[in-house]
Amino acid sequence: MNYRLVCRLLSIICLIIGVTMVFSLPWAWPQLGHRTGENFQQFETNGFLGLIYSILLSIICWAIFWRIGRHAQGDLYRREAMAVVGLSWLVATILGAMPYVLSGSSNKIAVRMFDSYQLPPQVYGHPVSPLNDEQYALVHSLVSAGARGLPPAKLAEQYDAKVRLLTKEAPDADFQAVFDGLTELPSWRGVLIAPGEDPYSPLDRADNYRIRAVPMNFADAIFESQSGFSTTGATVIANLEDPISLPHCILFWRSSTHFLGGLGIIVLFVVILGQGSAGKALMRNEIPGPSKDGSHSRMQHTAWMFASLYCGLNIVLTGLLWLLGMNFFDAVCHAFGTLATGGFSTYNASLGHFYQVNPVSGAWIEYVVIVFMVLAGSNFTLLYFLMTGHASRLIGDIEWRYYMGIIIGVTICVMLFGMVYDDFIVDPNTSAITEAQLALRNGLFQVVSVMTTTGYGTHDFDQWNSFGRGVLFLLMFVGGCAGSTGGGLKVIRHILFHKILFLQLEKSYHPSVVRPLRLGGKPVDDPDLQTNILIYFSLILVLFVFGWLAIVTLEPDATWGATDEHIEHKLIDSATAVAATLNNVGPGLGIIGATQNYANFSWWTKLLFTALMMIGRLEIFAVLVLLMPRFWRSR
């Protein structure tokens with residue numbers, strides 16, 4: 001193993017990360033406008049300093065790696081290339097987590113409540129004694145307000161209304177007495193904050209009653225960073241719309257990790273290194289899937305093509321979203337999330353926020369994003385042919401035809417079942433035409449979002465019928481095309497797997513017949529392909545099963561709630577959480593559904609999810625070989 005050469009290449013990763021962070025610094029100034037329609041007029045000191053410290057740390061790491069590898073000699077062989085791939089993503093994940101930690105960003109508040117006032121709440125993840133009606137009314141009002149809290153008059157109004165709703169009577173004590181009584185309890189001490197109590201309170205909440213925010217720990221930050229770079233889009237941040245808890249400049253960095261992850265850090269290496277066995281080894285891990293013939297045999301040319309097309313599509317989508325009503329900040333962030341098939345949004349309601357604000361422009365935004373998600377899930381080599389006037393290469397590709405066929409077929413099924421079970425309407429007086437339009441828009445968007453592993457949401461599919469939820473769960477294991485930014489197992493692997501399965505079935509009753517594996521009518525020359533496909537599917541199954549069993553066994557039941565009704569969902573929720581992270585999808589079902597997040601999992605489970613996201617992004621082998629001692633021995 002040529003360790004010096006590996007270190008020199010890792011120094012490039014540190015430099016890329018540090019330079020990319022610089023582009024997030026300007027968003028700390030309020031003059032840029034930030035979210036669409038938002039009026040935030042405060043310089044984000046914590047976010048700015050967190051990025052500055054992270055940039056300095058990246059430069060220090062660059063200097064250390066560069067000093068170790070400055071006299072490196074020799075060529076980059078396959079083993080060094082695989083080490084660079086795995087270690088690069090590990091280094092990028094750690095450095096990418098630093099802005100969250102050093103800026104003091106928060107991912108949730110200290111209190112968690114459930115859907116009944118009779119259930120005990122959780123404080124810092126631990127169950128406490130059940131609350132009486134008045135205590136519940138007070139705490140529920142503050143939890144609903146998030147980290148900002150409520151001014152005294154608003155809190156008094158909500159407290160009184162909730163007490164009357166629960167007891168049908170006026171409260172016996174005012175909210176201040178109830179608040180003071182709770183703060184005297186050991187389990188609540190330091191959790192509830194009164195106006196003027198915290199000298200470091202931000203100006204927009206200094207006069208509010210509120211619940212203490214919980215800063216992101218290292219496990220949270222590592223999870224969020226890997227979710228961004230792996231383009232998974234899963235998040236541990238409960239409130240994206242609080243600029244104090246999550247500054248805009250950190251939010252932009254969060255979306256920037258999608259841009260880097262979708263582009264592929266390793267693509268930049270190939271651009272620098274050029275062709276040869278090392279370039280092929282790097283690209284094989286960065287743009288995964290079984291090899292496909294194309295006109296670009298040179299890896300450097302392929303990398304330039306991929307990077308140029310990817311950046312161009314980002315620019316086009318940013319312009320379209322801007323024209324449809326987003327401001328520049330939102331347009332760039334959602335373009336990054338779409339073309340990378342990542343799904344990080346700047347709003348709690350994801351892309352559904354824009355439909356809530358303006359149904360007309362919101363619907364157009366969703367349809368435009370659908371088109372670009374489909375493009376992002378397609379093979380970029382075929383998109384290059386499409387751009388150069390060779391559309392027949394795209395339409396004639398068997399993988400792309402299957403890819404589009406799955407999207408269309410599953411969308412039709414989801415629409416039909418959804419309309420039967422009234423999944424898409426709220427008003428029972430909705431006309432059949434309107435219901436069909438809603439079913440098409442919401443059904444198509446969720447199917448494409450899950451199929452391409454983007455993970456954006458416009459509708460709570462966790463409330464769909466069992467067929468709809470089940471088919472979305474299966475789509476998590478399909479993914480996009482080989483050579484795309486989409487995750488999952490890839491459509492081409494499913495095609496080959498089924499062909500291999502039928503060949504083996506035929507061989508079981510006709511052993512003398514020798515029939516070659518064919519793809520698109522042409523025999524596949526690679527003699528190891530059948531074995532590789534079967535091994536890959538087997539490894540995915542093993543990782544899924546053991547990851548699921550680990551969470552079911554070790555994750556506390558309190559993560560799901562306080563009753564058997566909550567805990568009985570643990571098996572399904574854990575399975576979808578493993579599938580969503582291993583296949584780089586993001587949202588799952590239940591407590592990690594379309595309107596939920598991963599914040600309430602324990603720190604070790606978040607680290608397990610982080611490992612699964614990295615394994616899924618790098619196609620298993622580039623990560624697993626790092627755990628083998630023989631891999632690191634000298635030649």
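Basis for what follows: all heavy atoms, side chains included, without hydrogens, waters or symmetry-related copies.
Between E366 and Y355 the shortest heavy-atom distance is OE2-CB, 3.5 Å. Closest non-hydrogen pair, A83 versus V6, comes out as CB-CG2, 4.5 Å. Nearest heavy atoms, I398 versus I495: O-CD1, 4.1 Å. Residues N597 and I237 approach most closely at ND2-O, 4.1 Å, considering heavy atoms. Across L351 and H334, no two heavy atoms sit closer than the pair CD2-CD2, 3.7 Å. Of all heavy-atom pairs spanning I591 and Q596, the tightest one is O-CB, 3.0 Å.
Checked by atom type and distance alone, the side chain of S308 never pairs as donor or acceptor with a backbone atom of M305 at under 3.5 Å. Side chain of N584 to main chain of M613: a donor-acceptor pair is present (N/O by atom type, distance under 3.5 Å, no hydrogens or angles). In this structure, R617 contributes its side chain and G261 its backbone to a donor-acceptor pair below 3.5 Å. A distance-only check finds no donor-acceptor pair linking the side chain of T453 to the backbone of G488 [under 3.5 Å]. Of the possible donor and acceptor atoms, one in the side chain of N379 sits under 3.5 Å from a partner among the backbone N and O of A482. For the pair K606 (side chain) and A221 (backbone), a donor-acceptor distance under 3.5 Å is absent. For the pair D422 (side chain) and I425 (backbone), a donor-acceptor distance under 3.5 Å is absent. The main-chain N or O of T595 is never found under 3.5 Å from a side-chain atom of D460 such that the two would form a donor-acceptor pair. One N or O on the side chain of N442 and one on the backbone of L438 form a donor-acceptor pair closer than 3.5 Å. With hydrogens and angles disregarded, a donor-acceptor distance shorter than 3.5 Å links the side chain of W253 to the backbone of G96.
Heavy-atom neighbours of I433 CD1 from other residues, nucleotides or ligands within 6.0 Å: at or below the threshold of 12. Annotation: L549, atom CG; neighbour count of heavy atoms from other residues, nucleotides and ligands within 6.0 Å is above 12. Around CZ of F417, the count of heavy atoms belonging to other residues, nucleotides or ligands within 6.0 Å does not exceed 12.
Contact of the N348 side chain with the H353 side chain is not registered, since no non-hydrogen atoms from C-beta on lie closer than 4.5 Å. At least one side-chain heavy atom of Q504 sits under 4.5 Å from a side-chain heavy atom of Q530. Between F385 and L382 there is a side-chain heavy-atom pair separated by less than 4.5 Å. Between Y402 and I492, the closest side-chain pair of non-hydrogen atoms is not below 4.5 Å.
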Q.
Using side-chain contact (heavy atoms from CB on, under 4.5 Å), reason through V414 and Q446 one step at a time and then give a plain yes or no.
A. CA-CA 10 Å; V414 165; Q446 311 316 315; over 6 Å; no
Q.
Could you walk me through whether N600 and V236 satisfy the side-chain contact (heavy atoms from CB on, under 4.5 Å) test, starting with their C-alpha distance in whole Å, then the side-chain angles of each, then the deciding distance to 0.1 Å, before giving a yes or no?
A. CA-CA 8 Å; N600 294 311; V236 295; over 6 Å; no
Q) What's the verdict on side-chain contact (heavy atoms from CB on, under 4.5 Å) for M373 and S449, showing C-alpha distance, side-chain angles and the deciding distance? A) CA-CA 7 Å; M373 285 193 295; S449 181; 4.2 Å; yes
Q: Given ring pair (Phe, Tyr, Trp, His ring centres under 6.0 Å), test Y347 with F354 step by step and report yes or no.
A: CA-CA 9 Å; Y347 295 92; F354 298 98; 5.2 Å; yes
Q: Walk me through it: do E224 and T235 pass the test side chain to side chain donor-acceptor pair (under 3.5 Å)?
A: CA-CA 6 Å; E224 201 74 16; T235 185; 2.7 Å; yes
(Q) Please determine whether ring pair (Phe, Tyr, Trp, His ring centres under 6.0 Å) holds for the pair F445 and H459, giving the CA-CA distance in whole Å, both sets of side-chain angles, and the decisive distance to 0.1 Å. (A) CA-CA 9 Å; F445 191 98; H459 197 261; over 10 Å; no
Q.
For V478 and L489: C-alpha separation, side-chain torsions, deciding distance, then whether side-chain contact (heavy atoms from CB on, under 4.5 Å) applies.
A. CA-CA 5 Å; V478 179; L489 276 72; over 6 Å; no
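A distance of 6.0 Å or more separates the ring centres of H494 and Y403. Here the two rings, on Y421 and W464, have centers that are 6.0 Å apart or farther. Between F259 and Y310, a ring centre-to-centre spacing shorter than 6.0 Å is recorded.
The line from CG of L501 to CZ of F537 is 10.5 Å long, rounded to the nearest 0.5 Å. The line from CG of L386 to OG1 of T381 is 12.5 Å long, rounded to the nearest 0.5 Å. Rounding to the nearest 0.5 angstrom, the gap separating the CZ atom in R469 from the CG atom in L474 is 13.0 Å. Atoms CE and OG1, from M614 and T581 in turn, are 14.0 Å apart once rounded to the nearest 0.5 Å. Distance check, rounded to the nearest 0.5 Å: CG of L309 to CG of L375 gives 9.0 Å. To the nearest 0.5 Å, atom CG of residue L263 and atom OG1 of residue T231 are 12.0 Å apart.
Looking only at atom types and distance, the side chain of E555 has no donor-acceptor partner in the side chain of S574 under 3.5 Å away. A donor-acceptor pair shorter than 3.5 Å can be found between the side chains of T93 and Q226. With no hydrogens or angles considered, a side-chain donor-acceptor pair links D330 and T346 at under 3.5 Å.
Using a 30° and 60° split on the angle between ring planes, W548 and F544 fall in the parallel class, below 30°. Aromatic ring orientation, F609 versus Y598: perpendicular (interplanar angle above 60°, classes split at 30° and 60°).
With H258 as the fixed residue, the ring pair (Phe, Tyr, Trp, His ring centres under 6.0 Å) test singles out one of F336, Y456, F252, F344: F344.
Judged by a 6.0 Å distance limit and a 45° cone about the ring axis, R441 is not positioned over the six-membered ring of Y367.
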